[in-house]
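Since the structure comes first, as structure tokens, the remarks are kept for the end.
First listed ligand is number 1; within each ligand, the first listed atom is number 1.
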Amino acid sequence: MKMLKRPNILLTGTPGVGKTTLGKELAQRTGLTYINVGDLAQESELYDGFDEEYQCPILDEDRVVDELEDKMGEGGMIVDYHGCDFFPERWFHIVFVLRTENSVLYNRLESRGYKGKKLQDNIQCEIFQTIYEEAMESYKEEIVHQLPSNNPEDLERNMEQILQWIEQWMKDNN
Ligand code: DAT
């Protein structure tokens, strides 16, 4: 039996914007596979050194790419990470950059236990639209889409929009 072709989707954006929430729910509704790159790195210790300033291990980007290459070739992957410039451009059929208003993001990160410099830096990352610009530089502009992610209504709308996009992609590619 020939397998249906399925798209690979990248969910990116500043920590706390809602990538995991959206990604897991999408995977549940579609049968696509959710991949959290941060968790994967932790489980397989895909690190290369330690960042003293942020007191966290440094992601070994090459090993992450090696680890995921075969899966991405199969299609049907939903990848979640707060960065996007080290993935091969060819992996993704569409890129969503989730965006959250500063005050909302501040509260989410604070309740996650972020404080001080880590909290400030992440809020700045969102204010300067760092990840959006990274995505626009790393992928064809026409496949990069920003999605507001401030409240449950946004979440539901984003879900519906992506479900529709997946359905259309499947029709066009099978
Ligand atoms: P990320 O994976 O981008 O770090 P998350 O999915 O863990 O973000 O979400 C961070 C917190 O915000 C979590 O408590 C769930 C909540 N959240 C996510 N998306 C939301 C939305 N659209 N409306 C309200 N809360 C949301």
Side-chain angles (χ1 to χ4, degrees), residues 7-44 46-47 51 53-59 61 64-65 67-68 71-72 76-87 91-139 143-166:
N8 289 326
I9 297 170
L10 176 61
L11 301 180
T12 190
T14 308
V17 292
K19 303 178 293 295
T20 306
T21 308
L22 178 64
K24 285 186 173 168
E25 177 86 25
L26 271 174
Q28 257 185 0
R29 291 211 206 169
T30 57
L32 269 61
T33 303
Y34 169 77
I35 298 172
N36 186 306
V37 171
D39 290 351
L40 175 80
Q42 200 168 24
E43 285 155 17
S44 305
L46 305 176
Y47 297 128
D51 188 321
E53 189 181 4
Y54 289 98
Q55 290 293 302
C56 66
I58 298 164
L59 193 72
E61 299 175 342
V64 168
V65 170
E67 187 84 16
L68 289 176
K71 276 188 181 171
M72 299 307 292
M77 302 295 150
I78 299 172
V79 174
D80 164 351
Y81 195 60
H82 57 261
C84 59
D85 61 358
F86 63 92
F87 300 122
W91 274 5
F92 297 105
H93 301 98
I94 197 158
V95 176
F96 294 105
V97 184
L98 274 60
R99 303 299 309 272
T100 302
E101 283 162 26
N102 306 324
S103 56
V104 177
L105 186 63
Y106 191 97
N107 289 334
R108 286 187 198 165
L109 292 178
E110 208 175 30
S111 52
R112 188 184 267 187
Y114 284 26
K115 43 183 166 322
K117 182 171 167 53
K118 189 173 180 183
L119 179 56
Q120 298 302 335
D121 285 356
N122 279 291
I123 296 297
Q124 281 214 355
C125 174
E126 187 60 9
I127 292 173
F128 293 140
Q129 31 186 45
T130 309
I131 310 289
Y132 176 61
E133 280 173 19
E134 187 176 317
M136 291 290 273
E137 281 165 19
S138 306
Y139 301 90
I143 74 158
V144 178
H145 304 274
Q146 297 195 78
L147 296 174
S149 180
N150 299 300
N151 50 49
E153 293 72 37
D154 287 344
L155 176 62
E156 196 49 42
R157 190 176 341 98
N158 295 337
M159 199 88 69
E160 292 303 328
Q161 198 178 318
I162 299 175
L163 288 173
Q164 273 187 21
W165 180 86
I166 293 171

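Contact of the M72 side chain with the V79 side chain is registered, since non-hydrogen atoms from C-beta on lie closer than 4.5 Å. Under the 4.5 Å side-chain criterion, counting only non-hydrogen atoms from C-beta, Y54 is in contact with K117.
For atom 2 (O) of ligand 1, the nearest protein heavy atom (residue, atom name, distance) is T20 OG1, 2.5 Å. Ranking protein heavy atoms by distance to atom 22 (N) of ligand 1, first place goes to N151 O, 2.9 Å. Nearest non-hydrogen protein atom to atom 19 (N) of ligand 1 is G18 CA, 3.7 Å.
Residue-level proximity to ligand 1 for V17 is carried by backbone and side chain together, each with a heavy atom below 4.0 angstrom.
If you number the atoms of ligand 1 from 1 as listed, the ones under 4.0 Å from a heavy atom of N150 come out as 23 (N). Heavy-atom contacts of L155 reach the following atoms of ligand 1: 22 (N) (cutoff under 4.0 Å). Numbered from 1 in the order shown, with element, the atoms of ligand 1 that lie under 4.0 Å from a heavy atom of P152 read 23 (N).
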Would you list the atom pairs, donor with acceptor, under 3.5 Å between side chains in residues 96-105 and any protein atom, with sequence neighbours excluded?
{"unit_1": "R99", "atom_1": "NE", "unit_2": "E126", "atom_2": "OE2", "d": "2.8"}
{"unit_1": "R99", "atom_1": "NH1", "unit_2": "Q129", "atom_2": "OE1", "d": "3.1"}
{"unit_1": "R99", "atom_1": "NH1", "unit_2": "Q146", "atom_2": "OE1", "d": "2.7"}
{"unit_1": "R99", "atom_1": "NH2", "unit_2": "E126", "atom_2": "O", "d": "3.0"}
{"unit_1": "T100", "atom_1": "OG1", "unit_2": "S149", "atom_2": "O", "d": "2.9"}

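In plain terms, the two heavy atoms of D154 and R157 that are nearest each other are OD1-NH2, 3.1 Å. Of all heavy-atom pairs between C125 and T14, the closest is SG-OG1, 3.6 Å.
With sequence neighbours excluded, the residues satisfying side-chain contact (heavy atoms from CB on, under 4.5 Å) with R29 are E25, E156, M159, E160, L163.
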(request) Go through the steps to decide whether V95 and C84 satisfy the test side-chain contact (heavy atoms from CB on, under 4.5 Å), and finish with yes or no. (result) CA-CA 9 Å; V95 176; C84 59; 5.7 Å; no

(request) Could you walk me through whether Y47 and Q42 pass side-chain contact (heavy atoms from CB on, under 4.5 Å), step by step? (result) CA-CA 8 Å; Y47 297 128; Q42 200 168 24; 3.6 Å; yes

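Considering both main-chain and side-chain atoms, D154 never comes within under 3.5 Å of ligand 1 through any nitrogen or oxygen pair.
The heavy atom nearest to atom 24 (C) of ligand 1, considering only E156, R112, R108, M159, is found in R108. When the options L11, L22, T21 are ranked by their closest heavy atom to atom 15 (C) of ligand 1, first place goes to T21.
By the 4.0 Å heavy-atom criterion, G13 is excluded from the residues contacting ligand 1.
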